[in-house]
Amino acid sequence: MDFNLITKIRQTNPLIHNITNIVVANYVANGLLALGASPIMADAEEEMADLAQFSTALVINIGTLDPFKVKAMLAAGKAANKAGIPVVLDPVGVGATQYRKDVVAELLNKVKFTAIRGNAGEIAQLAGVNWAAKGVDAGQGEGDVAQIAKLAAQRHQCVVAVSGAVDYISDGVQVATIDNSTPMFPKITGSGCLLGAVLGAFLAVAPSQPFNVVVQASAAYAVAGQLAAKDLGSTKYGQFYTALLDQLGELNDQQVAQFAQVHIEE
Amino acid sequence: MDFNLITKIRQTNPLIHNITNIVVANYVANGLLALGASPIMADAEEEMADLAQFSTALVINIGTLDPFKVKAMLAAGKAANKAGIPVVLDPVGVGATQYRKDVVAELLNKVKFTAIRGNAGEIAQLAGVNWAAKGVDAGQGEGDVAQIAKLAAQRHQCVVAVSGAVDYISDGVQVATIDNSTPMFPKITGSGCLLGAVLGAFLAVAPSQPFNVVVQASAAYAVAGQLAAKDLGSTKYGQFYTALLDQLGELNDQQVAQFAQVHIEE
Amino acid sequence: MDFNLITKIRQTNPLIHNITNIVVANYVANGLLALGASPIMADAEEEMADLAQFSTALVINIGTLDPFKVKAMLAAGKAANKAGIPVVLDPVGVGATQYRKDVVAELLNKVKFTAIRGNAGEIAQLAGVNWAAKGVDAGQGEGDVAQIAKLAAQRHQCVVAVSGAVDYISDGVQVATIDNSTPMFPKITGSGCLLGAVLGAFLAVAPSQPFNVVVQASAAYAVAGQLAAKDLGSTKYGQFYTALLDQLGELNDQQVAQFAQVHIEE
């Protein structure tokens, strides 16, 4: 795998439109800026069509929903599809409530997504596989995560990324594993949400090969996490939160190529 | 007092449902994660009943209100009462506007709270005592804070925690004082709001003795603040913001037992 | 120029009412606290009139809009005008969508602003000058920025501050330049939004000379940025985010007088 997209992001500063939640909006914006992308966070239905005219990717995150935001998500998704830009879905806590299930079902029905990113519990829900989820966290459950990623990708005809100690990415045929875990990621809020936005930034600069691009983006983010955590004690969550932004600013394609543990199987 | 609840939180990772404001949602989520709890932030009326099925505590914070959020708060509070889980109220800036007074009155009327946490100005408002508040900060005023805590606890039949240089906690009969102040707390946003959520996490793992649990939680948080501030200069507010998360991750029951200055009187 | 307003802010802790966006609400509150002001973030139309009774400045930021927030902005602006307190507008991304243009036009039509702060692209939009903006960032464009600041100030009869590598501030007659750039500012989210709120804090303690006060506030903020960045590597965006809060806590008028590069021309 040829790692070259961080360079391209820094050269072109792609504008990423995020409809996201009140918990992580700040961190996602800072993470995208550090990486070299240009974030715009906006969620009024009234301006979704205009933003699709000059955004280069759309990221929809359902972390804190309300009916107005849902209307904006649908309008933005349709406008992005019409404009032909990549669209990423982050179905935060989709298994937790009927409302989230209904909203995600409507989004999947009316918007064509390029990629979906979630934890194993969330993706299992989208794959129609039973999984014991707990709230917005991954929960514990049985099941072959690689298989779940593949099933969800087949069902929704897009690239699916499952985040966890090992990341699994599938386009319905191939499955990539990324084995660069850091135990700090689940201890800060928004680490998954920021990865969803990072997928958007990578897809924005190379929209034609989504599977490879999502693998590359996920590998870059996982390596950034490892490098950010490496000199910190195991409970320095505040420092890790800051160090991850530093690391996203410092990361380059060579580091990703050097440290990424990526394996792809059919 | 036997300090053992941090251990229990880390063992059980209780899921804490927060309806909170746009200013502190991120910090509260990070603080709960650092402590060992599992936060879910959601405020759509549509999903409140579902969340009460598997949450272990509910924390309602009125920092940034709107009519939709108020409906969600009422629905969540009633569902939590029905499910029998602890409910905490943080009446941010309740004295500042008639709208906040009305919303809090309705919440107190329709929801049974286990604990209320606020600064002296806010709790004085709930106790019906005159106090010169200024915005969402404590303001300066006369009055015996211990007495205000006790009156508010009697009036609303729950545990009341007043945050300040000295914390006062009352169940309407007993009053505990916690004398572990750090002057950094009022210089960062959300330090009180995070304490409200921490009360939720402690109550989740020991719901049957709310007075003792709120005292223990408040002592733990105050000790965390002191430890976080101790190597920082007096104006390093940014570093303190980060250090408090680190410290919530590192804190253990032994440290709380060692450093907490708790006195209880009837 | 006599620099003395940081001292005055620390002495009087002015209460600054912010209607702001979900991305920066936390950072703006922390920045104002660090500086010595007292922030209140509230955006329910129901409480805007009450807040104007005891706030000392109002800051309206359109970063994440919705129709309810717009109603609150109009109500708050009118109430602030009636109460005679300074009002600051931060027209985030105003050129990006028709909705933002319409909202800002309505705000400018119905509320009298003391100062407007934006980047060159945003202020060019308000001056009626063509500028190639990109999203909420400044974009690249031609045009004399000093002239754009002056035109916008004349058109809207208030002080206009254009943020960038060099800041330009005009009251329609005079133009001040502040040459204390740090390249870190555009790499963190909310650095401009926080400056808008800082203008509010400075205007709150000296409302009678808005041009001089906006110059002084902008110089103080630019110096804080330089001091915060000076010991950091060029990609340490996370550390800069934290260091800027530290620096706003440590900054004093003497430092601003020593380091500020301010030039005023008619």
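- Shown here is B:Lys71, whose NZ atom has no more than 12 heavy atoms of other residues, nucleotides or ligands within 6.0 Å.
- Residue pairs meeting the salt bridge (Lys or Arg N to Asp or Glu O under 4.0 Å) criterion with at least one member in residues 2-28 of chain C: none, sequence neighbours excluded.
- For the residue pair C:Leu33 and B:Thr189, the shortest heavy atom distance occurs at CD1-N, 3.4 Å.
- Side-chain N/O atoms of B:Tyr27 and C:Asn30 include no donor and acceptor closer than 3.5 Å.
- For C:Asn18, no part lies under 4.5 angstrom from a heavy atom of chain B.
- Proximity to chain C (any heavy atom under 4.5 Å) is restricted, for B:Phe68, to the side chain, taken from C-beta onward.
- Heavy-atom pairs under 4.5 Å with chain C were tallied for B:Gly190, B:Pro67, B:Ala25; the largest tally goes to B:Pro67.
- Neither the backbone nor the side chain of C:Ser55 has a heavy atom closer than 4.5 Å to any heavy atom of chain B.
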Show me, pair by pair, the donor-acceptor contacts under 3.5 angstrom made by side chains of residues 44-51 of chain B, not counting sequence neighbours?
| unit_1 | atom_1 | unit_2 | atom_2 | d |
| --- | --- | --- | --- | --- |
| B:Glu47 | OE1 | A:Thr97 | OG1 | 2.8 |
| B:Glu47 | OE1 | A:Arg100 | NE | 2.7 |
| B:Glu47 | OE2 | A:Arg100 | NH2 | 3.1 |
| B:Asp50 | OD2 | A:Gln98 | N | 2.7 |

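- Listed here is the closest heavy atom pair of B:Tyr241 and C:Asn26: OH-ND2, 2.7 Å.
- Contact record, C:Thr242 with B:Gln239: CG2-N, 3.5 Å, taken as the closest heavy-atom pair.
- Among B:Val23, B:Val24, B:Asn21, the one residue that satisfies the side-chain contact (heavy atoms from CB on, under 4.5 Å) test with C:Met41 is B:Val23.
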